[in-house]
Amino acid sequence: MDSLGVLLVAPMNAYLEQELDRRCRLFRLWEAPPEPDRRAEFLRANASSIRAVVPYAAHGVDAAMLDALPRLEIVASYSVGIDRVDLAACRARGVRVTNTPDVLTDDVADLAVGLAIAVLRKIPQADRYVRAGLWKSKGDFTLTTRFSGKRVGILGLGRIGLAVAKRAEAFGCPISYHSRSEKPFPKYTFYTNVVDLAANCDVLIVACSLNKETHHIVNRKVIDALGPKGVLINIGRGAHVDEPELVSALLEKRLGGAGLDVFENEPFAPEQLFDLDNVVLVPHVGSDTEETCRAMADLVLQNLEAHALNQPLLTPFSGKRVGIIGLGRIGLAVAKRVEAFDCPINYYQRTKQEYPNYTYYPSVIELATNSDVLVVACPLNEHTRHIVNREVMEALGPKGALINIGRGPHVDEAEIVAALVDGRLGGAGLDVFEDEPNVPEALLSLDNVVLVPHVGSGTHETRKAMADLVLGNLEAHVSGKPLLTQVV
Amino acid sequence: MRFQWRGGAAAMSLSTMVATSSAAPASGKPPAILLLRPVDPPFAVALRERFRVLDFLSSGEPLPAFLAAAAAVPDPPRAAVVMGGGAVRVDGVLFDAVPSLRCVVSTAAGIDHIDLPECARRGVVVANSGKVYSADVADHAVGMLIDVMRRVSAADRYVRRGLWPLQGDYPLGSKLSGKRVGIIGLGNIGSLIAKRLEAFGCVISYNSRKPKDSVPYSYFADVRALAADSDVLVVSCALNKETRRIVDGEVLDALGPGGVLINIGRGANVDEAELVRALREGRIAGAGLDVFDGEPKKPAALVAMDDKVVMTPHVAVWTTESRSDLRDHTVANLEAFFSGEPLLTPVTMLP
C-alpha cells in the first residue's frame, strides 16, 4: 500500500508510525504548527494525497477535517471508542471507519478490577506510606474494606463489560448491570435504569461506549444513589461522568471513592482530587500495555491494507449491516429506524434509486452476501414469490438473520426450516408464513427464532386507521369521489 | 428438684449464667483464658462476655511473672489466645509455666511461632485462623500484581504530581491476561489467588510440598523450574525451615528479565538483598511486596526503585471485615474447645 497517503494525527505509537512510514506515504499532522490556520494549510497542501486518517481517543476526525480532505476514503482509528469521529459525516461522504475492538478488552477489564481493588484496599496510599517511612514512625496503616463479595454494577455489558464481570465473579462479587437491552445472562441482575443499578451496588464500573445518550450518564442522581460507601470506577470516557459533580461528591464525602482512568479534559485531571486518599488516578492507560498497543497498531495496519487491496475490512465500525428487499414506504421506514443504530443500509429493488447513504445491490444474493440482517419489505407478486430461496439463505449465512414482515410466500419455507435447523442460517424473525395460521413445528423448539402471528400492523391505533381507510374508500366510491388509496 | 446456685454469687446475672452455662466447670465460673496479644475493644468485649480473661498486656507485668500468677489462680486457664509473630512463642517454656493449658488458639494463619511437635507431645490442641483471611490476602495479591504490571501506583503518583500535562503519555505497562503465574504454596490463599487469576486468563502452575489431588494446575516439585516456566511468581506459603529464602538468587534468575515477584507470605521467604540486586540489574522486571525483612523499618533500597516496586505495610489481612471475621472465628474455636467439641480449624503436625 505504498501509494496510500495516510495522515497520522499524533505520535501515538512508535511502531505504528514506523510501519506507516515504511509501507505507506505518511503525513504527520503534528509536524504542522498547532495554530488552526497553519493546520488547515498543512491539510490543504496534502489533501490530494491523503486517502486515510489514523486518529485515536484524544484526537478524532470532525466534519471540518473531512471537508479539508476530499480524497479521504477510510478512517482507521487507533482506539475502540470512536466518539470523536463524526460518524454521520463519514457516512454521508462514504468514508469507511474501522476501530480496534477485542484486542484491548482484556487490558481494560484487568485495569478496571485493578482500580477497584486499589481504591478499596488503598494500595497506592499504602505504597506511599511505606515510601515515606511512616510505617516505622506512625505504626500500622489504616484498616480498609474487603473487595471480595462486594456487589459490582456494570454500566454497559458489551465486550469490556462482560470481561469485567467474568473477573469480578471470581472474587465472589454478585454482578448486576444496565445496558440498552437485557442480555442473556441469567446470573447477572439487569436494571432498566442507571440510578437503580447504582443504588444496588457497591462498586459501579463504567464500561459503555460514549454517545449522545451516555454523555454524563453518571450524574448527581447516580452518584447520590451510589452513596458514601460506594465506589465509582471509570474506564470508559471522561464525558461519561459529570466531573464537577463527581469532584464535589468526593470532597463532601457523599461518594465513598473513585478509580479514574479517564477525565473530561485530559491530560488535566481535577487537582482538587490530588490530596484525597480514597481516589486512584491514572492517565488513560486502559489499553497501555506493550502487547495490546502492538496488537492495536497491527489491526490499524491490517485494516488499511485490506482497504488498499479492496478486501473486506477486518474491524469495520458499524452496527449490523441491514439489507432491505424493497425500498418502498415500509422499507424506507425500516431503513430510517436502523440508521439510528449506526447500521449501514443496503438494498435491492428492481430499479435503483438515488439514496446517497444506502448501498444498492443488483441482486438479492449479492445483497444477502453483504448483509448481516435481511429484511423482506417488498410487495408479493409473481417476481417476488420465493425471492428468499436456498441460495439467498446460504449467502446470508450462519451468522445472518432473516426478518420477514412481508408475506409468507416471499420465503421458501421448507428451505428456511432446513437452513435454520442445520445452522446454515443464523436466525429468523418471522411475522408471516406460507400456510397461516400453521407454523412449521420444527421451528418451535429453536432458540434463534422469533415467531409472531402476523401482527405487523396489529396495534389498536393502526387497525383503527386501517378501518377508517376502508370506510373512507367505500364512502368515496359511493359518493363518486376519487378513491383514497387506489391500487388498481 | 431444688435449683441450686453454684459458686455462691447470688448476684450473678442471668445473661452471664446463660453465656457460661455450656462452659461452666465445677466451680460454676466461666472458664479462664490467657490473652497473650492485643485486641481491639469489640474483640475484648466478645471475650469477656464468655470467659474470665487473664490479659497479659493489661497486667503490665513481665511475661514470666504474669504466667506464674495465671497458673496459680483457682481453675487455671486451659486455653490461650496468641498472635502470630508476636513476643510470645508457644513452646515448652510456656507449657511448663502454665501446665493447665490444653488449647492454643492462634489468630494467625501461619504457625511459625508455635512448636507443633511440643504441642503434640503434651496433647495440646492448636487452632489457627483457618480461612478467615484468605479472601482478603488473595485480593491483595491480585491487586498488587495488577499494580506492578500496569503501574497503577506509579501512574497515580504521576498524575498527582501534575506530570501528565507536562510529560504526556505514561510509559506502557505489561499485559496481565494470559500470563503464566507460578504460585508457591497452594493452600487456602494460593487456591483463591489461582481462582481469581484464572478469570483473567492466566495460566496457573504451582509448587508445594506435595502435588494436590484434583487441581487443574501444573505441579512443579522444584521452585526454580516453576520460576523458569512463569512470568509471575507468587509467594503464598507458610514460613518454616524449608521455605526460608525459598526465593533466592537462582530462582529470581530463572524467573527472568520480564518476571514479576509478588510476596504476601513472610519477608524471610525471599532473599531480600538478592531481590534488590536483581531489580537494580534488571534481572527481573518488578515486584509487589507486602512483607519485608526488618519490617516496619523502611526498606530503603527497595524504595529507591520508583516504578518497579509496589510496597504495602503488611496489610494483606487489614480489612474491617477480616477483623470481625477473626473475632467471631476465635471465639467459636474457644467455645468449641470448652464444650468438648473438635476445634473448627485445628492445626496438626505437618506430615
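Throughout, a chain's letter reflects where its sequence line sits, starting with A, and its residues are numbered from 1. Values below: every heavy atom of this structure, side chains too, minus hydrogens, waters and symmetry copies.
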Identify the heavy atoms of Glu291(A) and Ser174(B) that sit nearest to each other, and give their distance. OE2-OG, 3.6 Å
Between the CG atom in Asp290(B) and the CG atom in Asp127(A), the distance rounded to the nearest 0.5 Å is 11.5 Å
Can you confirm whether Lys131(B) is buried at NZ, in the sense that more than 12 heavy atoms of other residues, nucleotides or ligands lie under 6.0 Å from that atom? no
Contact check, side chains of Arg150(B) and Asp107(A), non-hydrogen atoms, under 4.5 Å: yes
Which one of Lys136(A), Met12(A), Gln125(A) has the most heavy-atom pairs closer than 4.5 Å to chain B? Lys136(A)
Side chain, backbone, both or neither: which part of Leu276(A) has an atom under 4.5 Å from a heavy atom of chain B? backbone
Do the side chains of Val152(B) and Ile123(A) get nearer than 4.5 Å, heavy atoms only? no
Side-chain heavy atoms of Leu172(B) within contact of Thr292(A), under 4.5 Å: no
Tell me, side chain or backbone of Met144(B) under 4.5 Å from chain A's heavy atoms, or both, or neither? both
Taking every non-hydrogen pair under 4.5 Å, which of Tyr170(B), Phe292(B), Phe200(B) racks up the most with chain A? Phe200(B)
Residue Ile146(B) versus chain A: region with a heavy atom under 4.5 Å: side chain
Strictly below 4.0 Å, N to O, side chains only: are Arg146(A) and Asp325(B) in salt-bridge contact? yes
Minimum heavy-atom separation for Ala199(B) to Ala170(A), with atom names? CB-CB, 3.4 Å
Side chains of Asp136(B) and Arg121(A): does their closest heavy-atom pair fall under 4.5 Å? yes
Ionic contact status for Arg151(B) with Asp288(A), cut-off 4.0 Å: no
Atom pair CH2/NE2 of Trp164(B) and His284(A) - distance to nearest 0.5 Å: 7.5 Å
Residue by residue, which of residues 190-198 of chain B have a heavy atom closer than 4.5 Å to a heavy atom belonging to chain A? Lys195(B), Arg196(B)
Counting only non-hydrogen atoms closer than 4.5 Å, does Asp139(B) touch chain A with its backbone (N, CA, C, O), its side chain (CB onward), both, or neither? both
Gap separating the CZ atom of Arg160(B) from the CG atom of Asp275(A), nearest 0.5 angstrom: 8.0 Å
Is it the backbone or the side chain of Leu273(A) that comes under 4.5 Å from a heavy atom of chain B, or both, or neither? backbone
Top of Gly114(A), Gly259(A), Ser148(A) for chain B proximity - count of heavy-atom pairs under 4.5 angstrom: Ser148(A)
Given Trp135(A), Phe147(A), Phe274(A), the one with more heavy-atom pairs under 4.5 angstrom with chain B than any other is Trp135(A)
Nearest heavy-atom neighbours spanning Lys175(B) and Val103(A): NZ-O, 4.1 Å
Student check: side-chain heavy atoms of Val142(B) and Phe171(A) closer than 4.5 Å: yes
If you count heavy-atom pairs within less than 4.5 Å of chain A, which of Ser177(B), Pro299(B), Gly143(B), Ala155(B) leads? Ser177(B)
Chain A-proximal positions within residues 312-324 of chain B [heavy-atom distance under 4.5 Å]: Thr312(B), Pro313(B), His314(B), Val315(B), Ala316(B), Val317(B), Trp318(B), Thr319(B), Thr320(B), Glu321(B), Ser322(B), Arg323(B)
When only pairs under 4.5 Å are counted, which of Glu271(A), Lys166(A), Arg131(A) shares the most heavy-atom pairs with chain B? Arg131(A)
Quick one: of Val280(A), Ile117(A), Thr144(A), who has the most non-hydrogen atom pairs under 4.5 Å with chain B? Thr144(A)
Let me know if Tyr158(B) has heavy atoms under 4.5 Å from chain A in its side chain, its backbone, both or neither. side chain
So do the side chains of Asp156(B) and Arg128(A) get within less than 4.5 Å of each other, counting heavy atoms only? yes
What part of Ser137(A) gets closer than 4.5 Å to chain B, counting heavy atoms only: side chain, backbone, both or neither? neither
